[in-house]
Amino acid sequence: MIDSGSVKQMAGHPFDRRDFLKVLGWSGAAVALSGCGNTSVEDGRETVVSYVEANDYMVPGVGVYFNSTCAQCDAGCSINGRVREGRVLKLEGNPDSAINKGRLCGLGQAGVQHHYNPDRVREPLLRNGNKGEAISWEKAYALIAEKLAGVSGEEIAFLSGGVSGHLKVLLGNYLDSLGTKNHFVYEAIAPSVVRAANLKAFGVEMPRYRFDKAQVVLSFGADFLGSWVSPVHFSQQYAQFRKGVNGQRGVLIQVESKMTLTGANADRWLAVKPGTEGVLALGIINALGMATGEVAELVKGYDKARVSRETGVSTGQIDKIAALLKLRSPSLVLAGNAAEGYAHGSQNAAAINLLNQVLGNVGKTIEAPVSVPFPQMVPSKGNTVALKNMNDGLAAGKYKVVFNFAANPVFTAPGAFKFKDNFAKAGFKVAFAHYLDETALQADLVLPLDSALEDWGTQVPEYMTEGAQINIQQPLMERLHANTRGMGDILLGLIKQKKADEYKGFEDYYAYLRGAVLQNKGALGGGGVEDDTFWNDTLTQGIVKLAGTTTSLAAHASAAGLVLPAAAEADEHFPLHLIPGVTASLRDGRHTNQPWLQESPDPLTTIVWDSWVEIHPKKAAELGIVEGDIVQVTSKTGSVKAQVYLFPGIHPEAISIPVGRGHDAMGRYAKGYGVNPFQIMDAVFEAATGELAMHETRVKISKTGQRVLVVKDEGSAGALQMGRKIAGRVSTDQVDLSKEV
Amino acid sequence: MKDIREDIAWAKINQDVMKSLENPRKLYWVILFLALAAFGFGVGCEIYQYRTGMGVENVNNPQVWGLYIATFIFWIGMSHSGTLLSAILHLMHADWRKPIYRFAEAMTTFSLMTAGLFVMVHIGRLWQFYYSLPYPNDRGIWPNFQSPLLWDAMAIFTYLSSSVLFLFVGMIPDLAIARDNMQPGWRQKLYTLLALGWEGTDRQWRNFRVTYLTIACFLIPLAVSVHSIVASDFAMSQQPGWHVTSFPPYFVAGALYSGCAAIITLFIILRYVFRFETYMTLPILKKIVRLTFAIAMVWTYLNAVEFAAVWYSHDEASKAVLIQKMTGTYAPFWWGMIFCGSVVPLVFAFKRFQTNIPVLFAVSLLLNLGMWLERWMIVAPTFSHGYYPWTWDHEQWPSLVAWGMVFASFGWFTLLFMIFCKVFPSVSMYEVKEMVYHRTLHLKKSENAEQGAH
Amino acid sequence: MSKRHLLALYGNFEEAEAVVQELRNATIKGFDVNDDMIVKSPIEHPEVERFLGDKPVYVQWFTLVGALLGGILGFSLISGAQANFYMQLKGGKPIVPFPPNFVLTYEMFILGGVFITILGFLICAGLPAKRSPLYSTKVSVDNIAILVEADESAISELKAIFTKHKALEIQEEAGK
Amino acid sequence: MYRFLRFPILLVGLFLAASSFAANSSQPALTTEDSLGPQVQQPIEFPHNRHAGLKDASDPAKGGMEINCQYCHTYARRSAVAGIPPLQKCIGCHQNIESVRNKPRIVELFKYWDAKKAVPWKKVHDLPDFVRFNHERHIKRFVEQQDRPVQEACGYCHGDVKEMTVARRQKSLAMGWCASCHEKDHPVVAEGGTPIAGQAYWYSFQKPAAAVDANTKARGPNDCWQCHK
Amino acid sequence: MSVSNLLENWAQVRHEHPNNDKPHDPYKWAMAIDLDACTGCNACSIACYAENNIPVVGKERFQHGQQMHWMRVERYWDEDGREFPDQGFQFLPMMCQQCEAAPCETVCPVAATNHTADGLNSQIYNRCIGSRYCSANCPFKVRYFNWYDYPTDEMVWPAEMQQQMNPDVSVRSKGVMEKCTFCVQRLSAAKVKAKGEGRIVAEGEVQTACQQACPTSAISFGNLVNPDSRVHKQWAAQQVELDKDKQAKNEEEEASELRGYRILEELRAYPSVMYLERVRESAV
């Protein structure tokens, strides 16, 4: 640990701690903003702000660390916030967490910029024409009560992102009290199809993957190092996988049409024709020759020649992969976004799971997951079916009152949904928001939320590792803006409108949370411990570790019903596949207004602050396009204009535009930067699950004649080292890894 | 044709030069106004830059130096020919220098002042400039004497102060003349003060001769050292394209070259503006032109040597920079430099152009442009194409502020120079008298010899 | 015995030389040709020095001293400053590195030389000087002037010599 | 004949004297002398002399109470920043001292306490923000390890605070002033003779003699990053 | 008296480094970065922004090349003209290499950048006058200049964002050069603590922000003279020596099977960061 002497975990009573969290000694720019101002000693100019009351661990100039949970994505990494003089300065990983073990990705670290963002909503806002008018909380609550009066449960819809823990419980209770079942849990980017396929093949939605045990990882478009499921955890396992055992370094093969961060780290990156991942999986099963029975029967047709023709992967390469998979065991085969994003995504995923089973990986590198023994706290997994259903309801004008929390559907819904127009049809729209994002701007009432670093909460990660855990989220400093509220507090306030008696014991969400945790003290491993002690320990650790319940794992992937369509014919009018790129730092765009993330170059293209259209140089040459050309990308649904970046890591038949940018709201750091590919996304659905098939949009591109300088970190030499040894590389037959420490 | 007519009356010399102090042609005022306008623009740019930050120069993190440093070297270089004319030719007893060395010497002084200005303009924290001065202070720290920039500062300070003193000492007899001939007023008071009571006594002349010679002797190695130290700013560094052994002589040659070209330009301007046709004669101009031609060829040779050395060596990074100069973004400027620096001076090889004033004026401006481009081509390409390919940047282009400042420096220089020429005699009266006197003696001697032969 | 100044202007150097020769040869009481005669000339004129005879010039000694001092003190100032309490390694070079210090020593050598030479010049040439009692602005045009300082008794004799050689103008200091 | 030479000789003398002064003053112009800062107007005129001053044997009501500096300034030994004691600290004693309870300054103090507002003290020893003086390290070195009296150790920089009412800067606190102490050879044995471990090691480059002699003396660090970062 | 100081310590002030002298005892901070583990995720870079008060310059200034990332993650692909970079990219985290014989140090006119006793290349913001010579002479171009006054820029640091600033690190105003410091504020705190306890900083006691964030532990950092440190072991195992400009292992006839190398070692700057080559599987 850094600074271990000054790392003092919170020890006192939580109410003391709230005192401590008061901002102290920060007077404008005076403390930090020094640098190079006055150059001589001054007397009596500045005021030194001191404590009124102080605890033992409250020492000015000494950083104190508090544990909490990262809320930037759903992976559930535990964080360790450095607090000084009442200000949270930096987020670091909590070493005690089995998920991130003291590490934290860039997205997670930018959490402080979510908290300190200058564009946060600070007051409850009520629509008045085109403007938001600041109102009091009492008025806001009253207004909601008024609007809900006499509205039946059927006419209420609550759209939210994935929620878990006590907030999920409370939200459920609130919706029950309203008598509605219309809770739409929506995540724009979620492995929903893979979950369904896994459930079919293994009996669980998300098994535990053991990269560290695998000798070969064959990933069909799963960007597990960048944005897939639990990247920080997977990255750590990846490091072990690369180190291997006895110098036998793990081999990563990535199959996808557009290179992801994981693909960029692969030993072999295979650019397949979009949508043919499943075909390749079957082809490999065929080449392995290990399958029997109906599987063998199924793959018989997938001989190398055909597979090579359909996928564009050479037969030699298929042989090599098959040989490697045979030689090095266990291996791990993954299906990710690229495989599931088609109308036949389930089939792709099933074929890939079949390969896993043929290789005998189930039980070795694919293990049974654990979960918390509180099913009501298990995360509700968001998907796009929910959005579709809600959109249908909105279009039909079914809803009188609509709530929106932790989702930005106006921004992330495919253009073909015309969600914005449909949303307008709802009677009264309430948005719980940190910023005035696109959806909040459409709402009639915006309720400002506390940032994740100000709020209380519990969070249960979907993807658990060793044992189960419940993560505690707690304030790292006092409210930055006096009039924001925690989501839990708001829900409690709302639920009290309905069930005042039941909840009158809970003064606030904190009390509710404390009560709920202490109620289950025994199950949480605190049997026989004093309430206060247990609670304080829990807060100190920031994690409640549990044995958890293990779901058993099956291996019944079967060939039954597995039909893979032939590679899609090129559409004459829209010849190119549009692949929405998901980047590690921007994800679905909810954090685009964090300047560190905007300025952190995209790892592959090194572009900052803008969107781009990735085109293979060959294709670009064909179309007469060079880097920086502004092109118009047109689909059946719509069109956007963006700069071109020539990128060899993409299939020539596809182009890619990253998602996350292109906001026309959300404050100074997000608004007006880049374009939003969701806008031109067609409404094509996955056949088996009804999920939105994100990769199925076909587009054409045309030059606009404009050209810009692409804003990127890469210099004029591009990705070349000009013969100088800058980034060294060596192939495995020339290196002896066993000599390393 | 003669360098100067022997039959000019000494009184007329006084009269002509004194007239230049009072009554120049109208063009003088036009030039002064333009110079002032240009300088004023630069002042505006500097205020903006000072307040906003160096970013307005549009330089960036690999390309941390831009036009300012290039122009700095240009002005330093310009200063060298003054010394060439006043000191080297003095030691060589080339008496044709006498009518023109004064303004050349002034050019040295003012171009050094302009160069000094660029040091200020370039620095990111001008308000902390005093950190770079070696003086005992309450922090107890000193500047870094290892830095070529500090050598630069010391060398320029030495050169500037020595040049000013040299200019002043050489001007004392003329100041006495001006004192004696000026109408009473502030100028006469100024001349009286500066002439230090000079009366031309034998003791004064005796010491004057030795002093002048001694300082001239000091100035020559000093001038060479100054520009080799400026060259060290680059040659001492590790960067490809800069770390070149031949840089010091190359810089000195370039300095003399640009200085000579500037002398031709100013010669032509002064000759017209101050009606100095009798003194700044075409034969003298012809001599300067020939000198310039010789230096141009030396410069061309050193250029070729540098390229050949880089080309022939195994230093791939330097080679890459050279190729980039020739073919990359900077190619037009680089080839422009070669054209202006090595091809244009070939005009001087033709006798009929050697005294053709319009041609010479145009050519001298082109040469100056070429030499400015040379400095830019030394600074910029290495930054854009250094050791580390990731940071290569071929897109950088100086901003309007940077160009404005460069433009303004010419205004500032012209302003100082023109004011000097109006306030102080820009032709050395006593030395022109000497020149006339010696040539008369010589003429008499040869006439006598001729008569004797009869 | 009171002394008076006398100034004679001549149009050319031959005449002036002749005057000086005559003054040198004549023995006039109250007038020493080496000490009491000053020749003023509009240009630096080697003949003047020749006919006045060799007079030593000391400026070069100032130069020598100045340059040496500049060099030595330059070096010790720089090295001393480098070896102060805050001394820190830079670029793997010694704290007191010779090549850079020699460059600076060289500059200081010249700086000292030039400055002290100028100082020497001012001292040796007696500048800045008060205007001598008799002066003609014609010296700054083209006349050569001979200024003598002599006892009252010698004045007329000197005047006679000047007139003999066709002095263009003779100025006489008023008697006291 | 050589009368002109008299002057150069004089000149040489002058120049030598001036330059050797200059050369030697490449040493900082150091002084440990007092450099009195301006009197700072504080919200409450805190009498340091009454708290930390020496006891007056004859009249206990007049002299000080000899309270250790660290009793109130507790943060100094625990943090780089000395901070200001929390108001709670003042009240902790003063709520039990009835005798002065009604003095105007104490009344003022309790007003802040009742309002739960921190007293807006003015910084007296306010170094530029890019200077990072570490109180903890200095107290450890001189008070805890070398066992110097607290008032003396604090007084190196803060002057004789026990004689003041409101603290007033007495030392220049300029960089050269800091260095004047750092470049001294400090003993590395405590008052009792116990050696202090690990004192001299990293200045071995700067003064190798000290490394050999690590048991007798050590200098303060000389590297810029000690205080500027 | 500094002249006497000069004479007394003549031998010391004439010592050269790093070949002739080993002044780094007991600390020499160094790094080893395993490019095979680095996934290019940028977590290190963002951690650096958070720890060191690095300004976010915005799109327009980024376009002008005025970005300030002390830690930049570079991306390369093989230069063999293949249609796809089918063996992946290579990522390279690049920050100040803390050279033992740093080219930047000698050229600073005001001695604002020096070599510290624990082997770092210090940058003293308040001394810097902004001549930018150091950056001009840096082969790695890892020095970043404050082209604008970012602390007063509403877009870069609005009042709310200023509260995030690390008070242990000076905020740089315009006209100052800055660069990676190996998180000197953390090193210094650790050293002060250790010194108070009469010991040296132990392995693992201090981490740089980038190292701490790195999800794959690709960055190791520590005290090179401490034989227990991971960095020391890595450097030793890779047979990379700090004070060599050509490593012995590369001089041998047989190709070395070790991955450790330093970038642009031939320039004799003696960087303190060792990189381990990216490995490419030859079987697929």
Side-chain angles (χ1 to χ4, degrees), chain B residues 9-11 14 134 140-148 150-151 154-155 157-159 161-162 165-166 168-169 172-173 176-181 193 195-212 214-215 218-219 221-222 225-226 229 232 429-431 433-434 437, chain C residues 13 37-46 48-49 52 55 57-60 63 67 74 77-79 81-82 84-86 90-91 93 97 100-101 103-104 106-108 110-111 113-115 117-118 120-122 124-132 135 137-142 144-145 147:
Chain B
W10 288 18
N14 278 8
I141 36 179
W142 291 81
N144 178 15
F145 297 103
Q146 274 159 278
S147 167
L150 209 76
W151 312 346
M154 289 278 237
F157 172 71
T158 306
Y159 192 30
S161 53
S162 303
L165 287 173
F166 193 51
F168 170 63
V169 168
I172 291 177
I177 297 175
R179 172 195 68 199
D180 292 348
N181 290 288
L193 189 76
L196 302 175
W198 178 271
E199 287 184 353
T201 68
D202 53 325
R203 175 181 160 194
Q204 286 168 344
W205 278 118
R206 209 164 40 235
N207 284 295
F208 179 83
R209 179 171 51 84
V210 176
T211 306
Y212 200 72
T214 313
I215 304 181
F218 270 124
L219 271 185
L222 178 59
S225 82
V226 168
I229 284 175
S232 303
M429 292 178 269
Y430 76 97
E431 276 174 294
K433 287 176 193 168
E434 280 172 20
Y437 175 71
Chain C
F13 288 96
M37 181 179 69
I38 293 169
V39 178
K40 297 181 183 177
S41 152
I43 62 172
E44 181 207 331
H45 203 281
V48 174
E49 282 179 41
L52 285 180
K55 288 199 178 175
V57 173
Y58 301 108
V59 174
Q60 61 271 40
T63 309
L77 173 75
I78 291 160
S79 308
Q82 280 163 336
N84 76 356
F85 168 68
Y86 300 109
K90 286 180 197 76
K93 301 284 186 282
N101 290 12
V103 171
L104 291 169
Y106 179 81
E107 297 299 329
M108 297 291 275
I110 291 178
L111 190 68
V114 170
F115 273 46
T117 303
I118 299 290
F121 163 65
L122 294 179
C124 296
L127 294 175
K130 265 198 222 156
R131 209 67 78 77
S132 53
Y135 178 70
T137 56
K138 285 182 183 155
V139 172
S140 63
V141 182
D142 54 358
I144 185 156
L147 176 71

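The structure displayed is predicted, hence computed values, not measured ones. Convention: sequence-line order gives letters A, B, ...; per-chain numbering from 1.
For chain C, the option among B:Ser232, B:Ala176, B:Ser225 with the highest count of heavy-atom pairs below 4.5 Å is B:Ser225. Note: C:Asp142 leads C:Thr63, C:Asp142, C:Val139 in heavy-atom pairs under 4.5 Å with chain B. Considering only heavy-atom pairs separated by less than 4.5 Å from chain B, the leading option among C:Leu104, C:Ile38, C:Val103 is C:Leu104. Of the listed residues B:Glu431, B:Met429, B:Gln204, the one with more heavy-atom pairs under 4.5 angstrom with chain C than any other is B:Gln204. The residue among C:Leu147, C:Leu111, C:Ile118 with the most heavy atom pairs within less than 4.5 Å of chain B is C:Leu111.
Interface residue B:Thr214: only side-chain heavy atoms are found under 4.5 Å from chain C. Looking at B:Leu219, neither its backbone nor its side chain comes within 4.5 Å of chain C, counting heavy atoms on both sides. For chain C, no part of B:Pro134 is nearby; none of its heavy atoms comes within less than 4.5 Å. Only the side chain of B:Ile172 comes within contact range of chain C, judged by heavy atoms closer than 4.5 Å. At a 4.5 Å heavy-atom cutoff, the contact between C:Ile78 and chain B is made by backbone and side-chain atoms alike. C:Pro97 touches chain B through its side chain: at least one heavy atom from C-beta onward sits under 4.5 Å away, while N, CA, C and O do not. Contact of C:Tyr135 with chain B is made through the side chain alone, with heavy-atom distances under 4.5 Å. For chain B, the nearby part of C:Leu122 is the side chain; its heavy atoms alone come within less than 4.5 Å. When heavy atoms are compared at a cutoff of 4.5 Å, B:Phe208 approaches chain C by way of both its backbone and its side chain. Residue C:Ala145 does not touch chain B at all, counting heavy-atom pairs closer than 4.5 Å.
A donor-acceptor contact shorter than 3.5 Å links the side chain of B:Lys433 to the backbone of C:Val141. No side-chain donor-acceptor contact under 3.5 Å links B:Ser162 to the backbone of B:Tyr159. Side-chain atoms of B:Arg206 never come within 3.5 Å of backbone atoms of C:Ala125 as a donor-acceptor pair (strictly under, hydrogens ignored). Side chain of C:Asn84 to main chain of B:Gly140: a donor-acceptor pair is present (N/O by atom type, distance under 3.5 Å, no hydrogens or angles). Under a 3.5 Å cut-off, the side chain of B:Trp151 and the backbone N or O of B:Val226 do not form any donor-acceptor pair. The closest donor-acceptor contact from the side chain of C:Gln60 to the backbone of B:Val210 lies at 3.5 Å or more, if one exists at all.
A pairwise comparison of heavy atoms in B:Phe218 and C:Ala67 identifies CZ-CB, 4.1 Å as the closest pair. A pairwise comparison of heavy atoms in C:Val59 and C:Phe121 identifies CG2-CA, 4.1 Å as the closest pair.
Below 30°, between 30° and 60°, or above 60°: for B:Trp198 and B:Trp205 the angle between ring planes is above 60°, a perpendicular geometry.
No side-chain N or O of C:Thr117 forms a donor-acceptor pair with one of B:Thr211 less than 3.5 Å apart.
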